[in-house]
Amino acid sequence: MKFVNKVDQRLNCPICKKVFDEPWQTSCGHRFCWDCLELNSFRLDDPRCPIDGESISRQQSFRDK
């Protein structure tokens, strides 16, 4: 299979660079794959957004529908 156009970069996770898989949005408005957010932020004692460093929590993050 060959794609003619590239995927819009807004649909890619800034961590893994792939198309979102189970996208979640932080309270500061950035979107990530759930697994990327879980592995890179929520495992820390003081989870922060990988983009702007804002404090985030599971309760303040929501599934991007």
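Position 1 is the first residue of the sequence, and the numbers go up from there.
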Legend entry - Ile51 with Leu37, same ILVMFWY side-chain cluster at under 4.5 Å: yes
Legend entry - Sub-4.5 Å side-chain heavy-atom contact between Pro50 and Ser41: yes
Inset, instruction - Please examine the side chains of Cys16 and Phe32, heavy atoms only from C-beta on, and report whether any two atoms are closer than 4.5 Å. - result: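 A side-chain contact is absent here, since even the closest heavy-atom pair is not under 4.5 Å.
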Rounded to the nearest 0.5 Å, what separation is found between the [atom1] atom of [X] and the [atom2] atom of [Y]?
{"X": "Glu38", "Y": "Glu22", "atom1": "CD", "atom2": "CD", "answer": "11.0 Å"}
{"X": "Cys28", "Y": "Arg48", "atom1": "SG", "atom2": "CZ", "answer": "10.5 Å"}
{"X": "Thr26", "Y": "Ile56", "atom1": "OG1", "atom2": "CD1", "answer": "6.0 Å"}
{"X": "Arg31", "Y": "Ile15", "atom1": "CZ", "atom2": "CD1", "answer": "14.5 Å"}
{"X": "Gln25", "Y": "Cys49", "atom1": "CD", "atom2": "SG", "answer": "10.0 Å"}

Inset, instruction - Run the numbers on Trp34 and Phe42 for ring-ring contact (aromatic ring centres under 6.0 Å, His included), then give the verdict. - result: CA-CA 10 Å; Trp34 173 250; Phe42 288 140; 5.5 Å; yes
Legend entry - Verdict with reasoning, Asp46 to Ser55, per side-chain contact (heavy atoms from CB on, under 4.5 Å): CA-CA 7 Å; Asp46 183 24; Ser55 183; 3.9 Å; yes
Inset, instruction - Determine, stepwise, if the pair His30 / Asp52 fulfils side-chain contact (heavy atoms from CB on, under 4.5 Å). - result: CA-CA 9 Å; His30 295 106; Asp52 62 16; 3.1 Å; yes
Inset, instruction - Test side-chain contact (heavy atoms from CB on, under 4.5 Å) on Phe20 and Asn12 and set out the steps. - result: CA-CA 6 Å; Phe20 289 116; Asn12 290 342; 6.0 Å; no
